[in-house]
Amino acid sequence: MSAIPWKARGASHLECTWTGETFDSEQLMGLSPAGRPLFARYDLDTIRRHFRPGDLEGRRPDLWRYEEVLPVRVPECQLSLGEGWTPLTDAPRLARRYGMRRLWVKNEGMNPTGSFKDRGLCLAVSRAKELGAKELAIPTAGNAGSAAAAYGAAGGLPVHIVAPNDTPATIVEEIQGLGADLVLMDGLITDCGKVVREGADYMGWWDLSTLKEPYRVEGKKTMGYEVFEQLGFRLPDAVIYPTGGGTGLIGMWKAFDEMERMGWIGSERPKMFSVQPTGCAPVVRAWQDGTEAARFWDDAETYAAGLRVPAAVGDFLMLRAIRESGGGAVAIEDAAMAEAVRAMGECTGIFACPEGGAVLAAVPELKEMGLLSEDDETVLFNTGSGLKYVGMTPVESG
Ligand SMILES: *Cc1c(COP(=O)(O)O)cnc(C)c1O
């Protein structure tokens, strides 16, 4: 158990990511009054005196191993299904095939519902329970719905899930099997978000939308702590990540900042790369245009359901992390993702999701753009299991 004094446990306050205004963390709060995401902040000056990387040895093999920098204090509210602490797999044959010195695959397909969404929803549902939420709701393109259903069930809280009616059958059956209330509708995740907002306004549902509550990003940030710990307390040169709502990239960036404040690392950072499908690439377009935020992407289309996100409330946070890190953003065709899924499988034994395929397909593109060098030790995020997309892979044209 943690040696942190009780008053320094959990979050110290919430902070608006746009204005810097601060708020009490011990209340349910969605977006800031400025309509921007809130971040949980911690008393890191105190925590750093009691929490060192060496303390992590022998701890529980899930994301609660980082409890000093997580917001949930009440042990009965720390819901757990075995999320996080996923393998970081060295992939020498993949590295050779792609002309890289060293590639690692962080295999998030090993999470309880088969995607890294479990990390975020584990924290969001745990914290909602701790703060007294009674009923939860989430718009989803798929995997977030499974994860919300699982953690709602684990915590004994009802969950309403609103998803597009082309959500993969596997995920629909999974959500139903986990006992959640599922509403399928015409439209994209942004349309589903409107329905959830109405439920929040009229029915008192607690809205778990990406970055519209402060705690999913706290779960996702544990990927940053894990990569650091699994590489033997150091960071790689580059991280390639498939961004939809962007919590994973934003969360890892926050983790690196916390690690620096605790004296675990210096000011060095990996180059952070965002990968999106050519059929829905608002962040790539904004990065190319040099704008601070992204414009809505019309007619979003891709089989990588987790990346079918035409607008993200955290777009400016993604763009900041990408730019400050000296990284970049690149768009990948669906067919190239599917091809890369096979390459990943052949060379590693990992059956990747299309989003993971997109990340691998980005390697040669980024090299050609001069943003990634063969000497960059690179961590590829496979954000989910390919099993969740069976039957969805585009048919080969040629
Ligand atoms: C949701 C999702 C993504 C996008 O993640 P963000 O952190 O929201 O950008 C990527 N891959 C998979 C498999 C997903 O389910």
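One-based numbering, in listed order, for ligands and for the atoms of each. Bear in mind that the values here come from a model prediction, so they are computed numbers and not experimental data.
Heavy atoms of T247 approach ligand 1 to within less than 4.0 angstrom. Contact annotation: K220 has at least one heavy atom less than 4.0 Å from an atom of ligand 1. Note on ligand 1: F381 sits outside its first shell, no heavy atom being nearer than 4.0 Å.
The pair D191-K194 meets the salt-bridge criterion, since a charged nitrogen lies less than 4.0 angstrom from a carboxylate oxygen.
For D375, the CG atom sits in a packed shell: over 12 heavy atoms of surrounding residues, nucleotides or ligands are nearer than 6.0 Å. The environment of CD in E57 is sparse: at most 12 heavy-atom neighbours from other residues, nucleotides or ligands sit within 6.0 Å.
Protein heavy atom closest to atom 6 (P) of ligand 1, with residue, atom name and distance, is G246 N, 3.3 Å. Counting only heavy atoms of the protein, atom 7 (O) of ligand 1 lies nearest to G248 N, 2.9 Å.
Shown in contact with G245 at under 4.0 Å from a heavy atom are these atoms of ligand 1, numbered in order with element: 6 (P), 8 (O), 9 (O). Within the listing of ligand 1, atoms 9 (O) sit less than 4.0 angstrom from a heavy atom of T243. Against a heavy-atom cut-off of under 4.0 Å, Y389 is close to the following atoms of ligand 1: 13 (C). Counting atoms of ligand 1 from 1 in the listed order, those under 4.0 Å from a heavy atom of N143 are 13 (C), 14 (C), 15 (O).
At least one N or O atom of T383 sits closer than 3.5 Å to an N or O atom of ligand 1. In terms of N/O distances under 3.5 Å, ligand 1 is not approached by F116.
Here the two rings, on F228 and F233, have centers that are under 6.0 Å apart. Aromatic pair F51/W264: centroids less than 6.0 angstrom apart.
Across every non-hydrogen atom of S146 and K388, the tightest pair is OG-NZ, 3.3 Å.
Under the 3.5 Å distance criterion, with hydrogens and angles disregarded, a donor-acceptor pair is assigned to the side chains of H160 and E135.
When K117, E108, E355 are checked for heavy-atom proximity to atom 3 (C) of ligand 1, K117 turns out nearest.
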Counting only pairs under 3.5 Å, give me each side-chain donor-acceptor contact of residues 356-368, with atom names and distances, residues two or more places apart or in other chains.
residue	atom	partner	partner atom	Å
K367	NZ	Y98	O	3.0
K367	NZ	G99	O	2.7

